[in-house]
Each structure stands twice: as C-alpha cells, then as structure tokens.
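Note sheet for the following structure.
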Amino acid sequence: MSIIAPPEDMTAYREQLSELLEEQNAIILAHNYQPTWIKELADFTGDSLYLSQRARDTDATTIIFAGVRFMAETAKILSPDKGVFLPAEDAECSLADSITSAELIEWKRRYPGAIVVAYVNTSAAVKALADVCCTSANAVEIVGSIPPDREVLFLPDQFLGAYVQRVTGHPGMHIWMGECHVHADITPQHLADKMAQNPLATLMIHPECGCTTPALYQLADASGGPTSQRVRILSTNQMIEEAKRSTATHVLVATEIGIMSDLINANPAVRFEAVNPRARCPYMNRVTPERLVETLRDRIGEVHVDQEIAAQARLAVERMVDPGLRAWG
Ligand code: 13P
Ligand code: SF4
C-alpha cells in the first residue's frame, strides 16, 4: 500500500476552504478514520452515528462528507434538501459491498415477518429494504429493544452480529456472513502476538474486527464481562471517550489506524498501540485537501440517491438516529 503523507503546506488549503465554506454555507464532516490533516480541516469529526446526527441537524445547506459513499448517502437520505458531496468518487466500502439488495430480498423471503436490522455500512438500496439501521455505537441497544419472540435478520457484518448476539442474548438472530476486509484482517493471531508481547496492556476493540472470537470474549468474561475494564468493545467515538478517562499506561487498539491520532490527542499520557499497524482503509484515505477544495469550488461529486429508494430507506435511517421512532409492530 502506498504511504500517505500530508501536503507540506496546509495554509493555502485552509484559507481557500474557509472562504468557500462561508460563501456556500457549507460544512465538512470527517470520519474518525480520515487522515489527521483532513480531520483538522473539518467542522465536525466523529463516528458514523455522530456524523449522521450532525448531517441531519446542521443549518448548513451543503455538506462535504470526508468519508465513504454509504456515509454521504445516509446524510442525503436524512436531509434530501441539502447538497451532499463526496470528495472522492471512488470511496466505496468492502463491507457495504458484501450484500446486495437482490440477496437481501431472497433472505427476507426465507424469514417472513423478521425484523431487518441493517448496519449503516450498506447501500441505499439495501437500507430501503430494512426496518431499522444501526451503527456500531447503537447496534446492541437496537437489537436489545426487539422482543425476543421476533426473528431478526442482522446484516451484513458477521463479527458485529456475533458480538450483538452475545451481549443481547437475542434468541431469534440470523446473521449475514459479510465482513470489512480491513477489520477482518485484524486477526486472532495479531491480537495473540501483541498480548503475548504486552501482557499488562488493556484492549480497545472495534466490534467489526476479525479478532472478536469466543477466546476474546472468554478473556472479557474473566476480567469482568462485557463491561470489563481490560477488554472494551467500542465504536470509534466510544474509543475516544474511553481514551479521555483512561488510567491505563498501555492500550492495544484494534481498528482502522486513522483513529490513533485522536486517541493520542485525547490522552497523551497513555501509550496507544495498534494491534495491526497495517490496518488502513484504502477507501477512507482517498480524500485529499486538493479534492476538498475542488469539490467545493466546482461543486463536483454531488451524491444522488434515487428518490423512491431514499423515501423507502428514510424511516430505517431515522430510527437509527432517533430512538423515539423505534416500534416493532
Ligand atoms: P463507527 O464509525 O461506527 O465506529 O464504524 C466504523 C466503520 O467501519 C466506518 O466505516
Ligand atoms: Fe468500509 Fe471497512 Fe473501510 Fe469502514 S474500514 S469504510 S467498513 S472498508
């Protein structure tokens, strides 16, 4: 993989962007996995849930999404009247690609009446077939709110699905066997090696990771269960919050490495170390400062979601950001 590096002088980009943002009543949202120099140019940084809420609530009329396509599409579904732009046209997601709408139609046919819980990392066409969307920050809360006598189709991430099933104990869950190639490549072996080298370190693990095996959960149980201080399974924003209050000296972090700078900034007294230092998402790293400027200046890369699909997906996405809308009739 090519080494990515910040442009030498960011001043010119900063100045151009601040003029363009004001002129166009625009904001930049950046996911925690974006490179540091992109996050520094953003108005808001955060995880998928937080950024969806900011996209819904902003008074700005233009949103530049420094992230990947499903995030920008989610913003467009929530705010159809805003212009939403993706500054890297080829910023896709291997997890979102692991289920198609045709596959979901067939899966639903086999489980009539099941509640479909779609991770936000899905295409708009898949969301249009879902009852509710979730993120890693609220998947447990959402599945936990579904009555145990209802069947649940959880998609597309197998590792997140297994984690949610374990924590909620929901007896009716069926899990799609998709994965994110970046997180799947944070393997049990990577984790075992790092833990052997650093036996006193605590762990922060994103639930999409391939290292979330029964052995990891046994370790969590042995050190206090799902809320164990030694092993925390967390979304990226939850990792940053945990970092701020951490009293640990050394924390092993299993997720995409773009977040490492946020953790270090959140608590410089702690040594944060990546479980797999090569876990970099190629799609998240396609946004550059030049592309941000070009997107705003030339208004290129606007995201369009078919109106009918957006209308069908809206309730599922609104349920993700608004607990008051969750009812499972
Ligand atoms: P969160 O932003 O919900 O932590 O998810 C991580 C992710 O994979 C986004 O692509
Ligand atoms: Fe998709 Fe994985 Fe990249 Fe997140 S890290 S955008 S899930 S490919």
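Every heavy atom of this structure was used, including side-chain atoms; hydrogens, water molecules and symmetry mates were not.
With rounding to the nearest 0.5 angstrom, the CE atom of Met284 is 12.0 Å from the CD1 atom of Ile38.
Arg109 has a carboxylate O that lies under 4.0 Å from a charged side-chain N of Glu106, or vice versa, which qualifies the two as a salt bridge. The residues Asp322 and Arg319 are annotated as not salt-bridged, no charged nitrogen and carboxylate oxygen being separated by less than 4.0 angstrom. The pair Glu290-Arg297 fails the salt-bridge criterion, with no side-chain N (NZ, NE, NH1 or NH2) lying under 4.0 Å from an Asp/Glu carboxylate O. Using a 4.0 Å cut-off between charged nitrogen and carboxylate oxygen, Arg291 and Glu294 do not count as a salt-bridge pair.
Using a 3.5 Å distance cut-off with no hydrogens or angles, the side chains of Glu256 and His183 do not pair a donor with an acceptor. If you check the side chains of Glu208 and Tyr163, you find no donor sitting under 3.5 Å from an acceptor. One side chain, Asp193 or Gln189, offers a donor N or O that lies under 3.5 Å from an acceptor on the other. At a cut-off of 3.5 Å, with distance as the only test, a side-chain donor of Ser235 or Asp47 sits close to an acceptor on the other residue. Residues Asn237 and Asn32 bring a donor and an acceptor atom of their side chains to less than 3.5 Å of each other. A donor and an acceptor atom, one from each side chain of Arg299 and Gln24, are located under 3.5 Å apart. Defined by atom type and a distance below 3.5 Å, a donor-acceptor pair is present between the side-chain atoms of Tyr33 and Thr255. A donor and an acceptor atom, one from each side chain of Thr288 and Trp37, are nowhere located under 3.5 Å apart.
Between the side chain of Thr122 and the backbone N or O of Tyr119 there is at least one donor-acceptor pair closer than 3.5 Å. Looking only at distances, a side-chain donor or acceptor of Asp131 sits under 3.5 Å from a matching main-chain atom of Val116. For Asn138 (side chain) and Glu141 (main-chain N/O), no donor-acceptor pair under 3.5 Å exists by modelled atom type. Under the 3.5 Å distance criterion, the side-chain polar atoms of Asp306 are matched with a main-chain donor or acceptor of Glu308. Looking only at distances, a side-chain donor or acceptor of Lys39 sits under 3.5 Å from a matching main-chain atom of Gly258. With Arg54 contributing its side chain and Thr45 its backbone, the two residues share no donor-acceptor pair below 3.5 Å.
Closest approach of Asn25 to Ala60, counting heavy atoms only: O-CB, 3.3 Å. Nearest approach of Ile240 to Ala266, heavy atoms of both residues: O-CB, 4.1 Å. Nearest approach of Ser98 to Trp176, heavy atoms of both residues: O-NE1, 2.9 Å. In this structure, Ala130 and Ala316 approach most closely via the heavy-atom pair O-CB, 3.6 Å. The two residues Val132 and Met320 have their closest heavy-atom pair at CG2-N, 4.4 Å.
Ring planes of His181 and Tyr283: perpendicular class, angle over 60° (limits at 30 and 60°).
Between His174 and Tyr111, a ring centre-to-centre spacing shorter than 6.0 Å is recorded.
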